[in-house]
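Notes for the one structure printed next.
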2 protein chains.
Amino acid sequence: MVVTIRDVAEAAGVSVATVSRIASGSDYPVGARTRERVEAVISALDYRPNQSATDLSRRDTHLVGVLAPDMANQYYAEVTRGIEDAAQTAGYQVLFSSTDRRKGRAESALEALLRRRVAALVILGGGDEVSLTRKQVTAYGTEVVLVGRPSDEFPTIQTDGESAGQEMASHFVGLGHERIAFIAGSRGSTATRLRLAGVRKTLRGAGLANPATARGGYTEEGGYRAARELLEQAAPGERPTAIIAANDRMAIGAMAAANDLGLRVPDDVALAGFDDTPISAYVRPALTTFSLHSAQLGAEAMQQILDREEGDTAIRHRTVEGEIVVRASCGARPA
Amino acid sequence: MVVTIRDVAEAAGVSVATVSRIASGSDYPVGARTRERVEAVISALDYRPNQSATDLSRRDTHLVGVLAPDMANQYYAEVTRGIEDAAQTAGYQVLFSSTDRRKGRAESALEALLRRRVAALVILGGGDEVSLTRKQVTAYGTEVVLVGRPSDEFPTIQTDGESAGQEMASHFVGLGHERIAFIAGSRGSTATRLRLAGVRKTLRGAGLANPATARGGYTEEGGYRAARELLEQAAPGERPTAIIAANDRMAIGAMAAANDLGLRVPDDVALAGFDDTPISAYVRPALTTFSLHSAQLGAEAMQQILDREEGDTAIRHRTVEGEIVVRASCGARPA
DNA sequence: TTGTAAGCGTTATCAG
DNA sequence: CTGATAACGCTTACAA
């Protein structure tokens, strides 16, 4: 049924070793005539090595497992894209699992990934649904890279969430805002925690009150609700004049909320998000945001893995620079 | 180093066969005492079966390959999510590759997937970068499901693109529009082709001119440019009063373009998209769109695969219903 | 340059 | 109920 290396060997009148050396692209010397003949047979029979067998024999899968919280979130989609892109060009394949932010899913997905003996594991997001210890993976030689979450057990790729928060807050403070609110993502999220910490720090430094906060679960809908809460519940004259949301999706939800409340953005409420999702440049007013170079984060993660496979064993913590992208929603430019 | 079935067998003083029967969750009878002892050893040693070996021996990988054009597109992200979700609960893992709409990438990704002997292959999108014949996969028993593209060789899951187009166009015609333009996605895309055909059909039926069209490559930026082209180049009095974009991302770009041209949506130009991306409900005016139930498409695809593994061999073409979601951007409701 | 054969880690058949 | 052992399809010493 399925063509195996043995079929090719027989058809070409050579040994399986020879076929293997040719089919696997090894640089082991093979006679020109033989090679030609074998190659002809390979393509005639449409032979394709069975990767499970190859992996088993080489005891190395060229598989990188990606564990992401939620593909509906464009940020993770982008990072995954970066990983997949780099992986593909490096000859790796991506085994993708989503945790859906649920502990059970995270555990079973991780287990499955480990059984596959993924050569590397990239864990996305700062959620607390996935926990992994060095011990669990060290036996398999699995390289682990954490994206967007600190760790001293594993190498990480991150953006400096705290300074991002500070930068964003400073921007608003510089614009004269004194009542700045914050829309958090989900409980236990590293990104939210760091960004909020940065915002707080800056406000404190500027002698301003702590930001009012509401939680929006990283979705447009959550951002919408959080913004309404922030905007409507405030005592008269206490309404925030600026809202920083922990991601763009929530910021866009907040923009809709402001709109629905008859508030103009940025005049009545200034807004900003994080991630620089493609859409943020195209909402109106265009959203001021903090660019994370998300695809690049993924690419860096993959690069980190490649470096380590090369034998660089140090636990590196790379932080890729992000930058504030000023657009109209913050009021720094004419809407 | 790595714990194998043999290590467990030795430590437990049983044969590998026994360990296998226990570790693989087979229902082969095993003595209670033995089972207990072996299970203890398994967890003490943190034994995890090597999936490559299992696959090789069982000659069945529980792997489903997903080939998508572009993860930056939320629609594909959603469908993938649907697939992954269903896959995970059915005990399958998702091997994810992106074609980036490039022929070369599609081919090598496909090759890699075939080498992995994926049990199933889900091909997303109607792009022409990936071509696959029954012959290539039949030997491996790979189940193939096409999502969003017609075929008589493989089962498909689709939405009826043409009636979606018709429905959308009728909606605008019913609203009194006579100059309706269309923003296409990429060349060779099935979704674009069908939707445009539907739009044309309806316009023709209503005695209206063919829609002016421009291409936007399915991105916000492309949609923005296409809309400017459509809106600015039209002779005075010829400007389209409605634009239908082949997806939401382009529609949102178009909305920005209208805005930047000082045109009000929907009063000066009415707008609509396709996909019902989460964000479309949160732009203002909220975007009228055609909901494809994208995650459900993915779930259906996975279901189709499961059915076929069960022995249902008919080539089924399931079409999942979509529906127009009327929001403010089309002018049918107050903005 | 080519071939032989011993793994790689499981599963499953066949005997006990 | 338990255990040997022959696959599964490939790679890689080691020999020739």
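So you know, we letter chains A, B, ... as the sequences are listed, proteins then strands, and number each from 1.
- Using a 4.0 Å heavy-atom cutoff across all strands shown, Val14(B) reaches sugar-phosphate atoms only and no base atom.
- For Ser15(A), taking side-chain heavy atoms from C-beta onward, the closest of the listed nucleotides dG3(C), dT2(D), dA5(C) is dG3(C).
- A donor and an acceptor atom, one from each side chain of Glu84(B) and Tyr92(B), are nowhere located under 3.5 Å apart.
- Residue whose closest nucleotide on DNA chain D sits further toward the 5' end, between Arg117(B) and Gly13(B): Gly13(B).
- Straight-line distance from the CZ atom of Arg6(A) to the C1' atom of dA7(D): 10 Å, rounded to whole Å.
- No engagement by Ser26(A) is indicated, since no non-hydrogen atom pair under 4.0 Å with the nucleic acid exists.
- Between the CG atom of Asn50(A) and the C1' atom of dG9(C) there is a distance of 14 Å, rounded to whole Å.
- For dT10(C), the base has a donor-acceptor partner in the side chain of Ser57(B) [N/O atoms by modelled type, under 3.5 angstrom].
- Across the protein-nucleic acid pair, Ile42(B) atom CD1 and dT10(C) atom P stand 10 Å apart, rounded to whole Å.
- Under 4.0 angstrom from either OP1 or OP2 of dT2(D) there lies no side-chain N or O belonging to Thr18(B).
- Of the candidate nucleotides dT2(D), dC8(D), dC10(D), dC8(D) has the atom lying nearest to any side-chain atom of Leu56(B).
- At whole-Å resolution of the value, CG in Asp27(A) and C1' in dT12(D) are 13 Å apart.
- In this structure, the CG atom of Asp55(B) is 16 Å from the C1' atom of dA12(C), given to the nearest Å.
- At a cut-off of 3.5 angstrom, counting only N and O atoms as typed in the model, there is a donor on one side and an acceptor on the other between the side-chain of Arg21(A) and the base of dG3(C).
- Heavy atoms from other residues, nucleotides or ligands lying under 6.0 Å from CZ of Arg134(B) number more than 12.
- Of the candidates dC8(C), dT11(C), dG3(D), the closest approach to any side-chain atom of Ser20(B) belongs to dT11(C).
- Here the nucleotide nearest the side chain of Pro49(B), chosen from dT12(D), dT10(C), dT5(D), is dT10(C).
- Phosphate proximity of dC10(D) to Tyr47(A): present, with a side-chain N or O under 4.0 Å from OP1 or OP2.
- What separates CZ of Arg35(B) from P of dT2(D) is a distance of 9 Å, to the nearest Å.
- By the 30° and 60° cut-offs, the orientation of the rings of Phe96(A) relative to Phe96(B) is tilted.
- Protein atom CZ of Arg59(A) is 11 Å distant from nucleotide atom C1' of dA6(C), rounded to whole Å.
- Of the candidates dT12(D), dT2(C), dA4(D), dT2(C) carries the atom nearest the Tyr28(A) side chain, counting heavy atoms from C-beta on.
- The side chain of Pro29(A) has dT1(C) as its nearest neighbour among dT1(C), dT11(D), dT11(C).
- Classification of Glu129(B) and Arg101(B) as a salt-bridged pair fails, no side-chain N sitting under 4.0 Å from a carboxylate O.
- Of all heavy-atom pairs spanning Ser97(A) and Ala109(A), the tightest one is CB-CB, 3.8 Å.
- Looking at heavy-atom distances under 4.0 Å, Ser52(B) makes no contact with the nucleic acid at all.
- The CZ atom of Arg58(B) sits 13 Å away from the C1' atom of dC8(D) (whole-angstrom rounding).
- The side chain of Val30(B) sits closest to dT2(D) out of dT2(D), dC8(C), dT10(C).
- Salt-bridge annotation for Arg48(B) and Glu111(A): present, with a side-chain N of the basic residue lying under 4.0 Å from a carboxylate O of the acidic one.
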